[in-house]
Amino acid sequence: MAELDAYVSVRGVSKHFFNRKVTNCVLEGIDVDVASGEFLTVIGPSGCGKSTLLNMIAGLVMPDEGTIVVDGKPVTAPGCDRGMVFQQHVLLPWMTAYENVRFGVDCALASRAADERHTLALHYLKVVHLEDAKDKKPSQLSGGMQQRVGIARAFAIQPKVLLLDEPFGSLDALTRVSLQDHLLHAWESERKTVLMVTHDVDEAITLSDRILVMSHGPAARIRQEVVVPFARPRDKERLLRDPDYYELRASLLSVLTREVESDAVLTS
């Protein structure tokens, strides 16, 4: 993808961490372009720096080399133009589902009228089918419901870019599939620019427009880029009957397996 078409542009980004006077290079020379409205997923072996890349785009961590630009502006700190959903729900336990979403809206959109902020909070709880649970606190919600509150909050602050760091990684398989459907429904209604990190190849294929496969660390790079060929909207049952789905799945798993085996050889 041409750089001029990029809404999110990562250029020559490297990141090092220091431990006991030893420098560890996590990522080296990362170049990524994401178009406006695109759903891009990053997969790769554990420890290859996928979450570090996401955290740098979020502005939570700064790169040691290179630049990150969102909508033409360099990323130098966290900002409300980037919403993030973590693997854990990160809800405030003393607040209800509505209050958790409303708190995010009040912080990010303080200049808007109170009734508009109220409407936004309720709207996105409805999008994730939690309007009937709006007055419940996190302790009264299942893990899947808590994560849906986190998704509602991330959408409700009206970010330009949505960053998803293994958002369903701690959930059981059935809940995970259900939340994928909720996320797709919310995304397809607005087509926000999304970057997601996951270990789940099936999840990556189901949700994404493109998939980036990272090499093993240290000094991980982007090993392969794959365009997902399936038209939207996507139906999981129809995908599972498509031979092309299994061909793509096998190809991605083969690349990941080679990376894991290579990592094992390097560390043995």
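Remember, predicted model here, so these are calculated numbers, not experimental data.
- Salt bridge absent: R238 and D242 never bring a charged side-chain N and a carboxylate O closer than 4.0 Å.
- Note on F103: it does not cluster hydrophobically with V105, by side-chain heavy-atom contacts below 4.5 Å among ILVMFWY residues.
- F155 has its side chain out of reach of V127: every pair of non-hydrogen atoms, C-beta onward, lies at least 4.5 Å apart.
- Residues I157 and G83 approach most closely at CD1-CA, 4.1 Å, considering heavy atoms.
- Ring geometry for H129 versus H182: interplanar angle of 30 to 60°, hence tilted.
- For the pair V69/K73, no side-chain contact is recorded, criterion being any heavy-atom separation below 4.5 Å from C-beta on.
- Considering every non-hydrogen atom in both D31 and G12, the closest pair reads OD1-N, 2.6 Å.
- A single hydrophobic cluster is seen to contain both L240 and L248, as judged by linkage of ILVMFWY side chains at heavy-atom distances under 4.5 Å, directly or through other members.
- Between D209 and R232, at least one side-chain nitrogen of the basic residue sits less than 4.0 Å from a carboxylate oxygen of the acidic one, meeting the salt-bridge criterion.
- Formation of a donor-acceptor pair under 3.5 Å by the E188 side chain with backbone atoms of H185 is not found in this model.
- Rounding to the nearest 0.5 Å places OG of S251 at 9.5 Å from CG of L256.
- Looking only at side-chain heavy atoms (C-beta outward), M84 and D165 come within less than 4.5 Å of each other.
- Side chain of E166 to main chain of V197: no donor-acceptor pair is present (N/O by atom type, distance under 3.5 Å, no hydrogens or angles).
- Contact of the H16 side chain with the C25 side chain is registered, since non-hydrogen atoms from C-beta on lie closer than 4.5 Å.
- Each of T193, V8, V34 was scored for a side-chain contact (heavy atoms from CB on, under 4.5 Å) with V70, with one residue passing: V8.
- Judged purely by atom type and a 3.5 angstrom limit, T257 uses its side chain to pair as donor or acceptor with the backbone of L253.
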May I have the step-by-step check of side-chain contact (heavy atoms from CB on, under 4.5 Å) for L179 and Q147, ending in yes or no?
CA-CA 8 Å; L179 280 189; Q147 198 67 332; 3.8 Å; yes
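- When all heavy atoms of A154 and V85 are compared, the closest pair comes out as CB-CG2, 3.5 Å.
- Rounding to the nearest 0.5 angstrom, the gap separating the CD atom in E65 from the NZ atom in K15 is 10.5 Å.
- Among T52, I68, L53, the single residue meeting the side-chain contact (heavy atoms from CB on, under 4.5 Å) criterion with I30 is L53.
- A 4.5 Å side-chain heavy-atom check between R102 and L120 finds every atom pair outside the cut-off.
- Proximity of a side-chain donor or acceptor of R117 to a complementary backbone N or O of R112 within less than 3.5 Å is detected.
- L130 is not connected to L92 by any chain of hydrophobic side-chain contacts under 4.5 Å among Ile, Leu, Val, Met, Phe, Trp and Tyr, and they are in different clusters.
- In this structure, the side chains of L252 and V226 come closer than 4.5 Å at one or more pairs of heavy atoms.
- Rounded to the nearest 0.5 Å, atoms OG (S51) and CG (L60) are 11.0 Å apart.
- In terms of modelled atom types and a separation under 3.5 Å, the side chain of R234 and the main chain of I205 share a donor-acceptor contact.
- Here CZ of R82 is found 12.5 Å from CG of L162. Values are rounded to the nearest 0.5 Å.
- Annotation for F230: atom CZ counts as buried by contact number, over 12 foreign heavy atoms lying within 6.0 Å.
- Cation-pi geometry between K126 and Y124 is not met at under 6.0 angstrom from the ring centre and within 45 degrees of the axis.
- Residues V255 and Q224 come closest through the heavy atom pair CG2-OE1, 3.0 Å.
- Residues D64 and S14 have side chains not in contact (no heavy-atom distance under 4.5 Å, counting atoms from C-beta outward).
- Side chain to side chain, T198 and E203 meet the donor-acceptor criterion of an N or O pair below 3.5 Å.
- Cluster annotation: L109 and V101 are assigned to the same hydrophobic cluster (Ile/Leu/Val/Met/Phe/Trp/Tyr, side-chain heavy-atom contacts under 4.5 Å, transitive).
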May I have the step-by-step check of side-chain contact (heavy atoms from CB on, under 4.5 Å) for F39 and I211, ending in yes or no?
CA-CA 9 Å; F39 198 125; I211 300 170; over 6 Å; no
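- A donor-acceptor pair is defined here as one N or O able to donate and one able to accept, closer than 3.5 Å; no such pair exists between the side chain of Q146 and the backbone of G143.
- Residues Y7 and D33 bring no donor and acceptor atom of their side chains to less than 3.5 Å of each other.
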Would you sort out whether M214 and I43 count as a side-chain contact (heavy atoms from CB on, under 4.5 Å), showing the intermediate values?
CA-CA 6 Å; M214 301 289 294; I43 62 175; over 6 Å; no
For side-chain contact (heavy atoms from CB on, under 4.5 Å), just list the numbers for V32 and I222, CA-CA rounded to whole Å, side-chain angles, deciding distance to a tenth of an Å, and then say yes or no.
CA-CA 9 Å; V32 177; I222 296 171; 3.3 Å; yes
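- L195 and V90 end up in the same hydrophobic cluster when Ile, Leu, Val, Met, Phe, Trp and Tyr side chains are linked at under 4.5 Å.
- In terms of heavy-atom proximity, M196 sits nearest to L207 at CE-CD1, 3.7 Å.
- Using a 4.5 Å heavy-atom threshold, the side chains of L163 and F86 count as separate.
- In terms of modelled atom types and a separation under 3.5 Å, the side chain of R11 and the main chain of T67 share no donor-acceptor contact.
- Residues A97 and A133 come closest through the heavy atom pair CB-O, 3.7 Å.
- Side-chain polar atoms of T175 and D172 form a donor-acceptor pair below 3.5 angstrom.
- In summary, of the residues considered (Q180, R249, R176), a side-chain hydrogen bond (donor to acceptor under 3.5 Å, both in side chains) with D202 occurs for R249 alone.
- Side-chain polar atoms of K134 and T96 form no donor-acceptor pair below 3.5 angstrom.
- Side chain of K192 to backbone of P159: a donor-acceptor contact under 3.5 angstrom is found.
- Atom CE of M145 is separated from atom CD of Q140 by 10.0 Å, given to the nearest 0.5 angstrom.
- N100 places a side-chain N or O within donor-acceptor distance of the main-chain N or O of M95, the cut-off being under 3.5 Å.
- A donor-acceptor distance shorter than 3.5 angstrom exists from the side chain of K50 to the backbone of G44, with no hydrogens or angles considered.
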